[in-house]
Enquirer: 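Below you'll find the structure I mean.
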Amino acid sequence: MAREYTHLEQNRLEKLERLRSLGIEPYPTRAERSHTSLEAIQAFEQREASGKPEGLEVTLAGRLRSMRTMGKITFAHIEDGAGRVQLFFRADDVGQEGLELFNREFDLGDFIQASGEMFRTRTQEVTLRVRSFRMLAKAITPLPAAKDEVVDGQVVRHATLADPERRYRQRYADLAINPEVRQVFRARAAIVRALREFLDARDFIEVETPILQPIYGGAAARPFVTHHNQLKQQLYLRISFELYLKRLLVGNLERVYEIGRDFRNEGVDRTHNPEFTQLEFYVAYADYLQVMELTEQMVAYVAEKVLGKLTLTYQGAEINLAPPWKRLALRDGLLGASGIDIHAHPTASSLLAEMRKIGMQADAHAPRGKLIDALLSEKLEPTLTQPTFLYDYPRDISPLAKSKPGDPQTVERFEGFIAGMELCNAFTELNDPLDQEARFLEMGRDYGADDEQRHPMDEDYLRAMRYGMPPNGGFGMGIDRLTMLLTGSANIREVILFPHLREREGEP
RNA sequence: GGGCGCGUAGCUCAAUGGUAGAGCAGUGGCCUUUUAAGCCAUUGGUUGAAGGUUCGAGCCCUUCCGCGCUCACCA
């Protein structure tokens, strides 16, 4: 495809050629840096405090973000990963030719390196008095940012990249000019790090299980289908890690976790992306009540590490993550939110009739569990602002969870909700191979052979279970949603670096 | 998939159906402590795409493309 450069890009390409004709390589192989912007400023302030500010020689590197040319002097700011620092170019220091080279051939967005002595200007800004400088990487395309200013230490952008489509498609440009976006992804990394710390400190081992699976399972979701050429085998991208992680419990790995990507071939909205990051862990000899305690401790630990506190504001709601979180039986929660007692309606038809009475529309052929799930999503979930564990779910939508003693239609399962969002899902895991086989068969009946959401029979998983699986508690949590919560992001795309958008002609 | 909305210069945005503009960026000047620097001058447009209505369309109509919100769907 023939590339058409804008006149701004053509202008910069001409500068590139002029640099080369002067013997200056616009993309040199090596760079040097003695300090980050922040380190240089802090080092200078320390010297000031000790009474001898002069003589701090540094070499800085970063992206040119502002330039103010004033005849025989030029002020500029460069930005690096740590922040910004002002550069001061003076003809007396860099020579008339040096100053003109900088003014004429260097542009906003270029990466440069500059050496000199740190000082404080008349307006009291800690600044590098540049003695030498060089191009590190010429930018051809101008950043989609206009000017910005610093008011009381805060960068104020007067016009910046705001179009969400452009921000997601060109995340590199979004990151380059919007520091708060960088901050979201630093927070995301800190969240994952804190989760690992928490689990590693409790004798969990981190494992990796197959992403390409011959049989998908562990959740009710439509999979992505792919194919291995040499094996001539259809494979699925995993929709959960569950069945592989529990095989490891059979192998006497008592505490395992995995953090990785799940893929679900379903709708995209503000809390769903077709690929998303999940944490799952399994603990031998634990039940769902112990997992509940571990969950609230873990999320509180992460918040403490990432935010330094247990309270946060999400979309205007004050949320307190301090344990213990509220516990609410699903039956009681639904009764309170909808007036319907699901125990009084043991059949799908009876429950459906009751839901229609309160104005809900529901699929006439849905099994009872799916109706309960619809009731939960529509009536109860939006009301669960403070951290809440809903517990004791219907057996028929929980084929991998163990029944409650004395109540075979209910399983020991809980979901955690915060800010009206489902955050996690956990149960006392079913470890009875005969019961498990019966559940798979039930699912086959309830969903019909053509429903991709039904759990396919996984014979190998049953075989593993027949060798004996210790009683255990299992847990899954969406890292993206946790990140949304802890960074105040309203849309899952704000916490995924490269979210999926519809393909555009000529673009990825 | 349905509904509503949006798409104009590199960026942020204007423009009763009547000559497509502004600020910033860019370009050419002036300027040795500026910080949205200032001052003077100036370049830059297939108004998302294709049709239609009209003497005349950025604006009205149709279709298509993309995005946002929302509903449906969704462990």
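Numbered from 1 within each chain, the chains take letters A, B, ... in sequence-line order.
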Enquirer: How are the rings of A:Phe88 and A:Phe119 set to each other: parallel, tilted or perpendicular (split at 30° and 60°)?
Expert: tilted

Enquirer: How close or far is atom P of B:A36 from atom CD of A:Gln86, stated in whole angstroms?
Expert: 11 Å

Enquirer: Salt bridge check, A:Arg131 against A:Asp93: does any charged N sit closer than 4.0 Å to a carboxylate O?
Expert: no

Enquirer: Look only at the side chain of A:Arg238 and the backbone of A:Thr209, and say whether a donor-acceptor pair between them is shorter than 3.5 Å.
Expert: yes

Enquirer: Remember a base hit wins even if backbone is also touched, and classify A:Asp269 as base, sugar-phosphate or nothing at under 4.0 Å, heavy atoms.
Expert: base

Enquirer: Where each residue is assigned the nucleotide of RNA chain B containing its nearest heavy atom, which of A:Arg122 and A:Glu378 is assigned the position nearer the 5′ end?
Expert: A:Arg122

Enquirer: How many whole angstroms separate atom CE of A:Met67 from atom C1' of B:U34?
Expert: 13 Å

Enquirer: Determine the Euclidean distance between corresponding C1' atoms of B:U43 and B:U27; express it in Å to zero decimal places.
Expert: 7 Å

Enquirer: Among B:G10, B:C69, B:C74, which nucleotide has an atom closest to any side-chain atom of A:Asn491?
Expert: B:C69

Enquirer: Between A:Ser398 and A:His500, name the one whose nearest nucleotide on RNA chain B is closer to the 5' end.
Expert: A:His500

Enquirer: When you compare B:A15 with B:A22, how far apart are their P atoms, in angstrom units rounded to a whole number?
Expert: 15 Å

Enquirer: What is the separation between atom CG on A:Asn103 and atom P on B:U32, rounded to the nearest whole Å?
Expert: 12 Å

Enquirer: ring-ring contact (aromatic ring centres under 6.0 Å, His included) with A:Phe414: which of A:Phe389, A:Trp325, A:Tyr393?
Expert: A:Phe389

Enquirer: Looking at A:Thr74 and B:U34, is any side-chain donor or acceptor paired with a base atom of the opposite kind under 3.5 Å?
Expert: no

Enquirer: For the residue pair A:Tyr391 and A:Tyr288, categorise the inter-ring angle as parallel (less than 30°), tilted (30 to 60°) or perpendicular (more than 60°).
Expert: perpendicular

Enquirer: Each nucleotide N or O in nucleotides 41-45 of chain B that has a protein N or O under 3.5 Å away: list the pair and distance.
Expert:
| from | atom 1 | to | atom 2 | distance (Å) |
| --- | --- | --- | --- | --- |
| B:G44 | O2' | A:His7 | ND1 | 3.4 |

Enquirer: Would you tell me whether A:Glu280 and A:Tyr282 have side-chain atoms, one donor and one acceptor, within less than 3.5 Å of each other?
Expert: yes

Enquirer: Between B:A25 and B:A36, how far is it from one P atom to the other, in whole Å?
Expert: 12 Å

Enquirer: Base, sugar-phosphate, or nothing: which does A:Arg120 touch, judged by heavy atoms less than 4.0 Å apart?
Expert: nothing

Enquirer: Counting heavy atoms from C-beta on, name the nucleotide in B:C74, B:G28, B:A75 closest to the side chain of A:Asp373.
Expert: B:A75

Enquirer: Run the side-chain hydrogen bond (donor to acceptor under 3.5 Å, both in side chains) check on A:His77 and A:Arg63 step by step: do they pass?
Expert: CA-CA 8 Å; A:His77 275 90; A:Arg63 193 197 281 279; over 6 Å; no

Enquirer: For nucleotides B:G48 and B:A57, find the distance between their P atoms and express it as a whole number of Å.
Expert: 15 Å

Enquirer: Between B:C67, B:G10, B:C74, which nucleotide has the shortest distance from any of its atoms to the side chain of A:Lys370?
Expert: B:C74

Enquirer: When you check the side-chain N and O atoms of A:Glu14 and A:Gln10, is any donor under 3.5 Å from an acceptor?
Expert: no

Enquirer: Determine whether any donor atom in the side chain of A:Glu125 lies under 3.5 Å from an acceptor atom in the base of B:U33, or the reverse, and answer yes or no.
Expert: no

Enquirer: So, do A:Phe427 and A:Val411 sit near enough that their side-chain heavy atoms are less than 4.5 Å apart?
Expert: no

Enquirer: Tell me: CZ of A:Arg222 to P of B:C73, nearest whole Å?
Expert: 11 Å

Enquirer: Looking at A:Arg68, does any N or O in its side chain come under 4.0 Å of the phosphate oxygens OP1/OP2 on B:A37?
Expert: yes

Enquirer: Taking only the side-chain nitrogens and oxygens of A:Arg167, find out if one of them lies under 4.0 Å from OP1 or OP2 of B:C67.
Expert: no

Enquirer: Tell me which residues in residues 8-22 of chain A lie within less than 4.0 Å of RNA chain B, going by non-hydrogen atoms.
Expert: A:Leu8, A:Asn11, A:Lys15

Enquirer: Could you check whether A:Arg120 pairs with A:Glu48 (Lys NZ or Arg NE/NH1/NH2 to Asp/Glu carboxylate O, under 4.0 Å)?
Expert: yes

